[in-house]
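Since the model is a prediction, treat every value here as computed from it, not as a measurement. Convention: sequence-line order gives letters A, B, ...; per-chain numbering from 1.
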Amino acid sequence: MNEKVQLSQLSIPTPQDFSFAECLKHLMKPEQEWLYRVIDNSIYKLLKMDDELILFIIEWQPGNIIVKFPLTQPSTIQVKKVTTFISEWFDLEKDLRDFYELANNDPILRPIVQSYYGLRIVGIPHFFEAISWAIIGQQINLTFAYTLKKRLVEKYGESLEYEGNKYYVFPSLEIVASLTVEDLKLLQFSARKAEYIIGIAQLILQGKLSKDLVLKQKTFEQKHLFLTSIRGIGPWTADYVLMKSLQEPTAFPISDVGLHNALKKQLNLDRKPTMAELKELAMNWEGWQAYATFYLWRSL
DNA sequence: TCCCAGGAGCGCT
DNA sequence: AGCGCTCATGGG
């Protein structure tokens with residue numbers, strides 16, 4: 001009667017300057033996010049691995065992220081994949097000391113970094129999801145972008161129910177690759193974005209695009225160039241993906257509207273900064289442009 | 001109604 | 001290589 005199930009548990013050490021609370025705040029901002037759920041300081045996330053849906057719960061105790069698997073006993077390989085996923089999700093491998101030193105000498109970043117100290121770039125490890133999300137978000141307001149993503153995930157993503165809540169995984173490459181532009185237009189995607197996303201799913205399935213293929217490029221510039229050679233991926237999207245999915249600290253979506261608004265606010269401007277001003281400011285952020293951007297986004 | 005939104009591709013110089 | 005036009009639709 002009411003026997004406690006033995007929970008499989010995993011522990012991932014976190015860096016000294018890691019703030020789970022700040023990362024949680026970031027995760028809780030969107031109101032229409034269906035690819036994870038935050039309940040009482042725990043993150044619930046569903047992944048598909050080896051054709052199996054795996055739900056896990058992320059908590060934190062000083063020094064360690066604790067992962068529990070409430071429904072399944074994960075295999076060794078699955079545990080390893082979840083560990084990698086979480087490490088990328090919260091950018092745990094990055095040593096931020098140089099960034100913090102740089103930020104403390106930067107009049108714009110100093111106050112922001114103090115306010116959100118310990119925040120790490122909360123990424124999108126799932127490569128196809130990261131690209132799709134960037135494309136969805138191109139040139140439309142974020143609220144509508146979340147609506148579009150929600151519709152896509154609801155309609156085409158696999159799901160599983162746990163304790164009364166439904167958890168989704170991002171739609172598979174196979175499914176998206178087989179969709180027509182009309183299918184996505186029904187969800188109010190523009191024809192162009194539908195083409196981009198379907199085309200990218202097909203490219204990945206054909207082996208012509210993958211995280212590994214990007215990583216194989218030697219320099220950051222080559223990675224950027226490789227990504228922008230793909231239809232639908234312009235400079236902003238390439239930087240966004242390099243920042244959120246490949247943990248590249250020098251990725252810099254310099255044309256990003258959110259970045260412009262954050263700087264306008266921090267600098268107390270009555271207009272958005274010009275491209276020349278952006279480049280001038282960013283000279284101080286060399287090597288850590290992605291972190292500067294992420295912290296500036298947070299300041300909004 | 002108007003302007004803007006976490007842009008990108010394309011054609012024309 | 002750089003500029004301008006077009007796409008597309010919800011939010012405020």
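- Side chain to side chain, A:Asp98 and A:Trp288 fail the donor-acceptor criterion of an N or O pair below 3.5 Å.
- At least one donor-acceptor pair closer than 3.5 Å links the side chain of A:Gln202 to the backbone N or O of A:Ala177.
- Residue A:Leu187 contributes atom CG, which lies 12 Å from atom P of C:dT9 at whole-angstrom precision.
- Across the P atoms, B:dG9 and C:dG10 are found 23 Å apart, a figure rounded to whole Å.
- As rounded to whole Å, 15 Å separates atom C1' of B:dG7 from atom CG of A:Leu259.
- A heavy-atom distance below 4.0 Å to DNA chain B is reached by these residues of residues 120-157 of chain A, ordered by number: A:Gly137, A:Gln138, A:Gln139, A:Ile140, A:Asn141, A:Leu142.
- Using a 3.5 Å distance cut-off with no hydrogens or angles, the side chains of A:Trp60 and A:Asn41 do not pair a donor with an acceptor.
- Considering only side-chain N and O atoms, A:Gln188 lies under 4.0 angstrom from the phosphate OP1 or OP2 of C:dG10.
- In this structure, A:Lys272 reaches the sugar-phosphate backbone alone: every heavy-atom distance under 4.0 Å involves primed, P, OP1 or OP2 atoms, never a base.
- If you measure from atom CG of A:Leu225 to atom C1' of C:dA1, you get 14 Å, rounded to the nearest angstrom.
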Would A:His126 and A:Phe85 count as a ring-ring contact (aromatic ring centres under 6.0 Å, His included) if you check the C-alpha gap in whole Å, the side-chain angles of each, and the deciding distance to 0.1 Å? CA-CA 8 Å; A:His126 188 315; A:Phe85 185 91; 8.2 Å; no
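- For the pair A:Lys244 and A:Trp133, the NZ or CZ position fails the cation-pi test of under 6.0 Å to the six-membered ring centre and within 45 degrees of the ring normal.
- Contact annotation: A:Lys185 side-chain N/O to C:dC7 OP1/OP2 distance is not under 4.0 Å.
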For A:Thr72 and A:Glu52, what are the C-alpha separation, side-chain angles and deciding distance, and is it a side chain to side chain donor-acceptor pair (under 3.5 Å)? CA-CA 10 Å; A:Thr72 47; A:Glu52 201 180 339; 5.2 Å; no
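- When all heavy atoms of A:Leu35 and A:Lys45 are compared, the pair lying nearest together is O-NZ, 3.0 Å.
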Between the protein and nucleotides 9-11 of chain B, which nitrogen or oxygen pairs are less than 3.5 angstrom apart?
unit_1, atom_1, unit_2, atom_2, d
B:dG9, OP1, A:Ile230, O, 3.4
B:dG9, OP1, A:Gly232, N, 2.6
B:dG9, O3', A:Arg231, NH1, 3.4
B:dC10, OP1, A:Arg231, NH1, 3.2

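- Partners of A:Met275 by side chain to side chain contact (heavy atoms under 4.5 Å, CB included), not counting sequence neighbours, listed by chain and number: A:Ile254, A:Leu278, A:Lys279.
- Atom CG in A:Asn261 sits roughly 10 Å away from atom C1' in B:dA5 (whole-Å rounding).
- The CG atom of A:Asp256 sits 14 Å away from the C1' atom of B:dC4 (whole-angstrom rounding).
- By the 6.0 Å and 45° rule, A:Arg37 does not stack over the aromatic ring of A:Tyr44.
- Computed from coordinates, the A:His260 NE2 to B:dC4 P distance equals 14 Å when rounded to whole Å.
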